[in-house]
Colleague: 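Please find one structure pasted underneath; my questions will follow.
Within every chain, numbering begins at 1; the chains are lettered A, B, ... in the order of the sequence lines, protein sequences first and strands thereafter.
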2 protein chains.
Amino acid sequence: MKNTLKVERAILDLTQDELAQRIGVSRQTINSIETNRYVPSTVLSLKLSAVFGKSVNAIFSLEEGD
Amino acid sequence: MKNTLKVERAILDLTQDELAQRIGVSRQTINSIETNRYVPSTVLSLKLSAVFGKSVNAIFSLEEGD
DNA sequence: TTATTTTGTAAAGTAAACTTTACATTCTAA
DNA sequence: TTAGAATGTAAAGTTTACTTTACAAAATAA
C-alpha cells in the first residue's frame, strides 16, 4: 500500500512530530507509515483523512501484492 | 469506529464467508469487524472499499473515543 | 561552518489484528 | 419441525501495529 502522507504534510507545512501530536500517535508511527514500514489501522487513517481534509482513498491506495 | 458492513453486504447479497473469501481473510475477521470486536487495517478497509464500490470514509467513521 | 531541527531507523516491550479450530445459536428453506 | 446455512463468539497461537528510548544522518537556519 502506498500513501501521500509526505505531500499532504508538506501542503499543511507540518513536521512528522506535529502531525503525530495532532493525531495522538508517536512520531515514529508517522515516520513508519510514511516509509512503508507498516500499515496503519483504519482508525488512524480516518484521523489522517480528517486532518488533511481528504478521503482515506485519496491518501492511501492498494498496490500489487496487497 | 462504526461501520456499514452489514448493510453493504446485504446490498450485494453476500454472506460473511463469501465476503471474507473475496478479500482473502477469514470469516471470523469479517464477523469481528462487523461486531466491532476489532479495527481492520487500512489495507483491509481499502479492499472492502473496492468490493463495495464505496469510499473507506463512506463505510467507516470515527466515533467518540476513537 | 556551526547549531538546531527534522528525519530515519533500531531494539525491546505491549497491545491488538488476524488465523485456525471449535461449538452454540439463530435464521431460512423444505 | 427438522436440516442446513449463516452468524456469534471463544481460546490459543502468530504476526504486526504502536510505544518509548536512543542515536545517527540529513536538512535547514544562523
Side-chain angles (χ1 to χ4, degrees):
Chain A
M1 189 187 65
K2 55 184 177 173
N3 71 79
T4 60
L5 245 72
K6 195 167 185 171
V7 171
E8 296 301 337
R9 213 163 42 74
I11 292 172
L12 296 189
D13 193 25
L14 292 173
T15 67
Q16 292 181 345
D17 197 33
E18 287 166 344
L19 177 57
Q21 285 176 40
R22 287 210 194 183
I23 290 184
V25 295
S26 70
R27 177 182 71 80
Q28 285 76 357
T29 293
I30 297 298
N31 183 278
S32 296
I33 294 167
E34 230 170 82
T35 58
N36 292 300
R37 286 190 288 130
Y38 60 72
V39 170
S41 72
T42 300
V43 165
L44 217 169
S45 59
L46 286 172
K47 288 180 182 176
L48 291 166
S49 168
V51 166
F52 296 143
K54 303 203 174 160
S55 71
V56 171
N57 298 72
I59 301 167
F60 295 96
S61 49
L62 294 174
E63 290 180 301
E64 292 282 327
D66 281 333
Chain B
M1 188 186 64
K2 55 184 178 174
N3 70 80
T4 61
L5 244 72
K6 195 166 185 171
V7 171
E8 297 300 338
R9 213 162 44 71
I11 292 172
L12 297 188
D13 193 26
L14 292 173
T15 67
Q16 292 181 347
D17 197 31
E18 287 166 343
L19 177 57
Q21 285 176 40
R22 287 210 195 181
I23 289 184
V25 295
S26 69
R27 177 182 70 80
Q28 286 75 357
T29 293
I30 297 298
N31 183 277
S32 295
I33 294 166
E34 233 172 79
T35 58
N36 292 301
R37 287 190 287 127
Y38 62 69
V39 170
S41 72
T42 300
V43 164
L44 217 170
S45 58
L46 286 171
K47 288 180 180 173
L48 291 166
S49 168
V51 166
F52 296 142
K54 302 201 176 163
S55 71
V56 170
N57 298 71
I59 302 167
F60 296 95
S61 48
L62 294 173
E63 290 180 300
E64 293 280 329
D66 282 335

Colleague: Is the base of C/dT7 touched by the side chain of A/Gln28 through a donor-acceptor pair closer than 3.5 angstrom?
Modeller: no
Colleague: Backbone N or O of B/Ser41 within a donor-acceptor pair of the A/Ser41 side chain at under 3.5 Å?
Modeller: no
Colleague: Does D/dT7 have its OP1 or OP2 closer than 4.0 Å to a side-chain nitrogen or oxygen of B/Asn31?
Modeller: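 Negative; the distance criterion is not met.
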Colleague: Quick one: A/Asp66 CG to C/dC18 P, roughly how many Å, whole number?
Modeller: 13 Å
Colleague: Side chain of A/Arg37 only, please: which of D/dG8, C/dT9, C/dT7 is the nearest?
Modeller: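 Of D/dG8, C/dT9, C/dT7, C/dT9 is nearest to the side chain of A/Arg37.
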Colleague: May I have the distance from A/Gln16 (atom CD) to D/dA25 (atom P), rounded to whole angstrom?
Modeller: 18 Å
Colleague: Is there a donor-acceptor pair under 3.5 Å between the side chain of B/Asp66 and the backbone N or O of A/Val43?
Modeller: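 Checked: no pair found.
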Colleague: Between atom CD of B/Gln21 and atom OG1 of B/Thr15, what is the distance when rounded to the nearest 0.5 Å?
Modeller: 7.5 Å
Colleague: Students often get this wrong, so: under 4.0 angstrom with heavy atoms, is A/Ser26 touching a base, only sugar-phosphate, or nothing?
Modeller: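 Answer is base: heavy atoms of A/Ser26 come under 4.0 Å of a base.
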Colleague: What is the distance, rounded to the nearest whole Å, between atom CD of A/Glu34 and atom P of C/dG8?
Modeller: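 My rounded result for the distance is 6 Å.
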Colleague: Rounded to the Å, how far apart are B/Leu14 CG and D/dA5 C1'?
Modeller: 15 Å
Colleague: Quickly work out the A/Gln21 CD to C/dT6 P distance and round it to whole Å.
Modeller: 11 Å
Colleague: Taking B/Thr42 for its side chain and A/Pro40 for its backbone only, find out whether a donor-acceptor pair lies under 3.5 Å.
Modeller: yes
Colleague: Using a 4.0 Å heavy-atom cut-off across all strands, classify B/Thr15 as base, sugar-phosphate, or nothing.
Modeller: sugar-phosphate
Colleague: Tell me whether the OP1 or OP2 atom of D/dC18 has a side-chain N or O from A/Ser32 closer than 4.0 Å.
Modeller: no
Colleague: Which listed nucleotide (C/dG8, D/dT7, C/dC18) is nearest to the side chain of B/Arg9?
Modeller: D/dT7
Colleague: Can you tell me the distance, in whole Å, between the CE atom of B/Met1 and the P atom of C/dA16?
Modeller: 14 Å
Colleague: Does C/dC18 have OP1 or OP2 sitting under 4.0 Å from an N or O in the side chain of B/Ser41?
Modeller: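 For B/Ser41, the contact criterion (side-chain N or O under 4.0 Å from OP1 or OP2 of C/dC18) is met.
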Colleague: What integer distance in Å separates B/Asp13:CG from D/dA6:P?
Modeller: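 Checked: the CG to P distance equals 10 Å.
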Colleague: Calculate the interatomic distance between A/Tyr38 atom OH and C/dA16 atom P; express it in whole Å.
Modeller: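 Roughly 14 Å, once rounded to whole Å.
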Colleague: Are any side-chain N or O atoms of B/Asn57 and backbone N or O atoms of A/Val56, one a donor and one an acceptor, separated by less than 3.5 Å?
Modeller: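 Yes; judged by distance alone, with no hydrogens or angles, the pair exists.
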Colleague: Of the options C/dG8, D/dG8, C/dC18, whose atoms approach the side-chain atoms of A/Arg27 most closely?
Modeller: C/dG8
